Amino acid sequence: ELTVASENNPYDFVVVANRLPVDRITLPDGTQGFQRAPGGLVTALEPVMAASEGAWVGWHGGIDEELAEFDKDDIHLVPVPLSEQDLNLYYEGFSNSTLWPLYHDVIVPPEYHRTWWDRYKKINQRFADAVARTAAQHATVWVHDYQLQLVPQMLRLARPDLKIGFFLHIPFPAASLFSQLPWRTQILEGLAGADLVGFQRETDASNFLRCLRRFTDYSTRGHEATPSATHGIQNLCRAEAHPISIDTKEIAKLSRDPQIIARAAQIRLELGNPKTIMLGVDRLDYTKGIRHRLKAYGELLNDQSLRAGDVCLIQVASPSRENVGSYMELRDQVELMVGQITGQHDTLSHTTLRYLHHSYPLREMIALYLAADVLLVTALRDGMNLVAKEFVAAHQDGRGVLVLSEYTGAADQLTQAVLVNPHDIDGMKAKIIEAVKMDQNEQARRMRRMNRHLLDNDVTGWSAHFLAELAEINSRANQISPS
Ligand code: G6P
């Protein structure tokens, strides 16, 4: 009967993600409203949404709150409700205390609880049901990220007419780590319900294919996987790298906005015009290597490789997942280190480290990028890291140096960055000094090459390539077995 209901549905392109692309705001008259959330994914999908009848299924951010479907700027929004217990077990639990640490190379130990897994299945089914009610016959559905890995298979069972794509924004771990997961087979079969599974890096795609061979009855050939003849589902699943990007032209344009340029100069001035401004911008997350970065920075000040009066590090650490234990611990550890560094090296007139536990609008972020001489991205593991790409796109002026961890997806593409291993504190200290001392011509040469890459590979190209590939797979599949 789901199929019958869908016959009246106009939505032929449906995006599913844990969050809807809107932020809750209080309107001038005191009532609650929504405004579009900034972000590359929405920007990338907007043209596709506008060209077709587009819908987005996701959580609206409220707790225990049922909201009716509504329209916002060409997108039909379908809110999925979550109760406080759902948030505990599905979001903070299985998504962010099991999958997130497991997929980021067990930087903190993942926890395995059967109650979390049960709720994860239940909530994935809730999202899948909402899509099945929303999507038109033969619609294209694009499922996003680790919170919803069972949705592709659930959709294929309920709605075999759909074209199903999935994109994982975070890394896919090596088989030796993934094997820990008590529900490894179910997760793999959940993903393999998609026609196309996209990953950030080649390594992620090959890790996934190896896990399929080892822990399911799928066999693989090149990038394609098929289940054994006795398997309940008979689809062909393709797995490949589709590295995500940013709206390069928009960021470049903002970086030429006179107001933003003036704001960047003001930021430098207010910090006392130090010779060198370094910048870190991260969600406050243990995957980002913030402690490793502060350790290196503190030591450079201690041994006077950097002169306290010449340098300032601005560390933006935006609040994230604040009810999860490992995030609370990290915040305490980072704030202790910040106190140690500033207590020892600051003077009444100069700070060596400006720590900001806030998030900022995009225009202010661009001003920070422009004000900085060096960006420090020292993640221990990161699917892509779009901050690195934004910093480069904001530096059309050819100024600035990107220090970039080898453990990011971005390191596969921004090869002109100063690449570092964040576990090697001495090595990282040497690279930071190299970045601080890099001459202007060398800076410009590297920035130009990386910017050329980002202009040729922006987020609109990313979604266009993914969706073209998905359409092509489906037309081939239909030629093989017309249904
Ligand atoms: C990462 C994940 C996203 C997630 C975001 C913010 O980028 O890949 O799926 O939405 O972090 O985290 P949050 O838990 O606040 O949604």
Side-chain angles (χ1 to χ4, degrees), residues 15-24 36-45 56-63 79-80 82 86-105 107-108 110 116 120 123-124 127 142-151 166-173 191 197-201 204 242-246 281-290 316-328 330-331 357-360 362 365 377 379-390 407-410 459 462-463:
V15 170
V16 205
N18 181 54
R19 288 180 189 275
L20 286 176
V22 288
D23 289 327
R24 205 173 276 265
R36 226 193 67 183
L41 190 58
V42 216
T43 317
L45 295 177
W56 190 306
V57 175
W59 176 48
H60 47 77
I63 302 175
V80 176
L82 293 177
D86 294 337
L87 281 174
N88 272 299
L89 304 172
Y90 149 79
Y91 172 74
E92 285 151 7
F94 200 76
S95 295
N96 289 314
S97 302
T98 306
L99 295 171
W100 180 269
L102 178 65
Y103 283 34
H104 289 87
D105 290 356
I107 297 167
V108 311
W116 291 1
Y120 183 80
I123 303 302
N124 270 248
F127 277 83
W142 194 355
V143 187
H144 289 267
D145 230 356
Y146 63 102
Q147 303 94 340
L148 301 176
Q149 293 174 96
L150 302 176
V151 170
F166 181 94
F167 185 76
L168 186 70
H169 292 251
I170 70 175
F172 195 91
L191 289 169
V197 183
F199 296 91
Q200 302 282 23
R201 303 171 307 160
D204 300 315
H242 282 267
I244 198 170
S245 193
I246 54 166
V281 176
D282 312 86
R283 276 185 310 102
L284 187 44
D285 193 299
Y286 51 81
T287 58
K288 304 292 185 180
I290 300 172
V316 176
S318 48
S320 186
R321 304 175 193 162
E322 291 184 281
N323 293 322
V324 177
S326 47
Y327 289 75
M328 297 178 192
L330 174 73
R331 181 171 175 189
H357 186 237
H358 303 293
S359 50
Y360 295 93
L362 182 63
M365 290 313 307
V377 177
L380 305 172
R381 183 51 84 197
D382 206 335
M384 176 52 64
N385 198 289
L386 293 177
V387 167
K389 292 190 170 179
E390 286 176 1
Y407 292 89
T408 62
V459 74
W462 168 78
S463 55

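Counting starts at 1 for both ligands and their atoms, following the listed order. If you're wondering where the values come from, they're calculated on a predicted model, not measured in any experiment. Side chains are part of it too, since the values below use all heavy atoms of this structure and drop only hydrogens, waters and symmetry mates.
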Checking heavy atoms under 4.0 Å, the part of N18 that sits near ligand 1 is neither
* To do: Would you indicate whether the side-chain heavy atoms of V387 and D282 approach each other to under 4.5 Å?
  => no
- prompt: Going by the angle between their ring planes, with limits at 30° and 60°, are W142 and H144 parallel, tilted or perpendicular?
  reply: tilted
Residue, atom and distance of the protein heavy atom nearest atom 3 (C) of ligand 1 read D145 OD2, 3.3 Å
I170 heavy atoms within 4.0 Å reach ligand 1 at atoms 8 (O)
In short, Q149 meets N124 closest at the heavy-atom pair N-OD1, 3.4 Å
- Query: Is W100 close to ligand 1, meaning an N/O of one under 3.5 Å from an N/O of the other?
  - Reply: no
Those residues at least two apart in sequence (or on a different chain) that pass side-chain contact (heavy atoms from CB on, under 4.5 Å) with S95 are Y90, Y120, Y146, Q147
N/O to N/O below 3.5 Å, does that happen between S320 and ligand 1?
no
To atom 1 (C) of ligand 1, the nearest of R321, H144, H169 on a heavy-atom basis is R321
Exercise for the section: For atom 7 (O) of ligand 1, state whether the nearest protein heavy atom is under 4.0 Å away. Expected result: no
Test item: F94 and L89 side chains (from C-beta on) under 4.5 Å apart, heavy atoms
no
For R19, the atoms of ligand 1 under 4.0 Å from one of its heavy atoms are 13 (P), 15 (O), 16 (O)
Subject >> Flag side-chain contact, heavy atom, 4.5 Å: R201 against P243 >> reply: no
Legend entry - Near-ring test W100/Y327, centroid separation under 6.0 angstrom: no
Between Y146 and ligand 1, is there a nitrogen or oxygen pair with a distance under 3.5 Å?
no
heavy-atom search around atom 13 (P) of ligand 1 in the protein gives Y91 OH, 3.4 Å
